[in-house]
Amino acid sequence: EKAGYKHFMQKEIHEQPRTIGDTITGFLSSKDEDLYRMIKDTDKLYIIACGTSYHAALVGKFWIEKFARIPVEVDYASEYRYRDRIIDKKTVVMGISQSGETADTRFALLDAKNEGAKTLSLVNVVGSSLSRETDFVLYTYCGPEIGVAATKTFTAQLVALLLFALEAGLGRKTITKDDYEKIHNELLHIPSKVEEILKKDDEIKDLAHRYMNASDFLFLGRNINYPIALEGALKLKEISYIHAEGYPAGEMKHGPIALIDEKLPVVCVIPNDRYYEKMFSNIQEVKARKGKVISVATEGDKQIENVSDEVIYIPETLDPLYPILTVIPLQQLSYHIATLLGKDVDQPRNLAKTVTVE
Ligand code: F6R
C-alpha cells in the first residue's frame, strides 16, 4: 500500500500534485451558498488549529485579509480555549484540523459556539467530530494520511483556504472578477509545478547528506512565506529530532542572529515576490556572519547564488501562490535528513497522528 515508496511520508509527499488537484476540483464542486452569505457580514474571523494546521492558518490569514478584507486572528487552539476572546454574532471561528478529532481544536470550537460565534471547520476526514460539531464544513480531498508528519494535507489546506478567501472576496466585492480568475487560472498550474519540484528529489537528497549532521537549523521567511519557515522547522524537528527554529527574517536582528556561526545551516525562503529585496538583505546579514545559506528561490534567479551555499529552485508563480510551492522542498529536505539519520519517519518517537487528549 506504499505503492513502491519506502515510507508513507514519501508516498504522501509525492501524491501532492494529485491531492492539490483533487482539492481544487472538490472545493469548486461543493460551494455552500449559505456559508458565503454568512461571510458577507462577518466582521471578525478567528482561525484556531494546532501544529501544521496552525501554520496553514497563518498563511490563510494573509489571503483572507488580502482578498476578503476580513480581519483575521490566528491562535493555537490550546491557547484560544483559555483566553478571554471577544465574540459576537458577526464573529466566525474556523477550526482547521486534518483529522477533525484534535481535542484542543474541537473543544475550543464548541466553547466559541456556545458563546454565540458561527463556526466553520476545514477537515480532511469526512464524518469526523469537528465536521459534525460546526455550523459549516469545508474539506480537503487527500484521502487518508498515514505518516505522522502532515504533508499532503498541509498543501491541500492551503489550497482550500485560498479558494475560500477568493470566494469570500467575490461575495464581499473586495476582489474583481479579473483578479479572481487570474489567480484561479494560475492555481490550475500548481500541480504540474509541484511535479517539477518533486523531480529534484535526488538533488535534495544530496543536499540533505551535506547537512544531516548539523545540530541546529534556522528557517527564515517573510510575509506569506514566514509560516512556511515555521512549517519547515516543525517538519525537521519532529522527524529528525534536530533542533530547528523558524523566524520571520526581519526579526533576526532582534536576537536570533546571535546564533549564527559557520556551523549553522539557515534555510531561507526567498521566492521572486515583492519582498525579495528585503529577504535578500537578510540573507546578506546571515552570510556576513558565516552562516550556511540554503536558499529556496525562483528559477532564473542567478543573483541568489552569490549569497548562498546551496540553492533549490522552484518554478515561478504569482506572489500569493508561492507558499504552496516553497513548502515542498522543505518537506523533501526533512524527509531525507531523517531517513539518512535512520529515523522512523512514519512513526516518530513520542508523537501520535491524532491527539484526542488535551
Ligand atoms: C505535524 C503534525 C501535527 C498536527 C497537529 C494537528 O506534522 O502532524 O503537528 O498537524 O497535531 O493535527 P490535526 O490537523 O489533525 O488537528
Side-chain angles (χ1 to χ4, degrees), residues 7-13 15-16 19 23 46-60 74-81 93-110 119-134 137-161 219 227-242 244-246 327-328 330-335 337-339 343-358:
H7 303 97
F8 283 109
M9 184 182 175
Q10 188 187 28
K11 169 172 174 263
E12 288 160 1
I13 288 173
E15 273 173 342
Q16 290 177 107
T19 52
T23 298
Y46 286 110
I47 314 183
I48 58 174
C50 307
T52 290
S53 296
Y54 171 80
H55 298 150
L58 291 174
V59 179
V74 178
D75 245 309
Y76 285 116
S78 56
E79 286 295 317
Y80 187 76
R81 232 183 129 178
V93 183
M94 177 183 204
I96 304 181
S97 173
Q98 179 282 127
S99 62
E101 302 297 341
T102 300
D104 279 316
T105 313
R106 265 187 78 192
F107 295 119
L109 275 168
L110 286 172
T119 55
L120 164 64
S121 55
L122 171 58
V123 300
N124 189 51
V125 179
V126 178
S128 55
S129 302
L130 223 70
S131 71
R132 287 182 277 108
E133 291 163 353
T134 50
V137 194
L138 297 170
Y139 292 98
T140 49
Y141 297 80
C142 293
E145 188 175 64
I146 313 284
V148 164
T151 53
K152 62 175 178 174
T153 55
F154 178 71
T155 47
Q157 287 168 343
L158 294 184
V159 166
L161 284 163
F219 288 74
I228 299 305
L230 296 179
E231 176 59 7
L234 176 62
K235 281 291 87 91
L236 186 66
K237 65 188 133 188
E238 71 179 326
I239 60 171
S240 74
Y241 319 142
I242 295 173
E245 282 192 63
V327 73
I328 307 286
L330 305 191
Q331 296 171 344
Q332 292 168 281
L333 182 64
S334 51
Y335 170 80
I337 291 179
T339 49
K343 307 299 182 208
D344 181 354
V345 292
D346 283 340
Q347 212 51 262
R349 70 185 182 201
N350 310 340
L351 291 176
K353 183 68 183 162
T354 305
V355 184
T356 53
V357 292
E358 189 176 354

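Computation of the quantities below employed the complete heavy-atom set of this structure, encompassing side-chain atoms and omitting hydrogens, waters and symmetry-equivalent molecules. Here the structure is a predicted model, which means the values were calculated and not measured. The first residue in the sequence is number 1, and the count goes up from there. All ligand and atom numbering here is 1-based and tracks the order in the structure.
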Interatomic spacing from CG in Asp75 to OG1 in Thr105 - rounded to 0.5 Å: 11.0 Å
For Ser97, the ligand 1 atoms whose distance to one of its heavy atoms is below 4.0 Å: 13 (P), 14 (O), 15 (O), 16 (O)
Straight-line distance of Phe154 CZ to Cys142 SG, nearest 0.5 Å: 12.0 Å
Between CZ on residue Phe107 and CG on residue Leu130, distance to nearest 0.5 Å: 10.5 Å
Protein heavy-atom partner closest to atom 11 (O) of ligand 1 - residue, atom, separation in Å: Val355 CG2, 4.3 Å
OG on Ser128 to CD on Glu101, rounded to 0.5 Å: 5.5 Å
Atoms in ligand 1 flagged as close to Ala149, the criterion being non-hydrogen separation under 4.0 Å: 7 (O)
Value rounded to 0.5 Å, distance of CG in Leu330 from CG in Leu234: 11.5 Å
N or O pair under 3.5 Å between Gln157 and ligand 1: no
Geometric N/O contact Val148 with ligand 1, under 3.5 angstrom: yes
Heavy-atom proximity to atom 9 (O) of ligand 1, best of Ala56, Gly51, Ala352: Gly51
Shortest protein heavy-atom distance from atom 5 (C) of ligand 1, along with the residue and atom involved: Cys50 O, 3.7 Å
Min N/O separation Thr52 to ligand 1 under 3.5 Å: yes
Aromatic ring pairing Tyr54/Tyr76, orientation class (parallel under 30°, perpendicular over 60°, tilted between): parallel
Qualifying residue, where the test is side-chain contact (heavy atoms from CB on, under 4.5 Å) with Ile239 and the options are Lys343, Met9, Gln347, Arg349: Met9
Basic-acidic side-chain contact under 4.0 Å: Glu145, Lys152: no
Nearest-contact summary for atom 16 (O) of ligand 1 - protein heavy atom, Å: Thr102 OG1, 2.5 Å
Interfacing atoms of ligand 1 (cut-off 4.0 Å, heavy-atom, Glu238): 1 (C), 2 (C), 7 (O)
Numbered atoms of ligand 1 (with element) below 4.0 Å of Lys235, judged on heavy atoms: 1 (C), 7 (O)
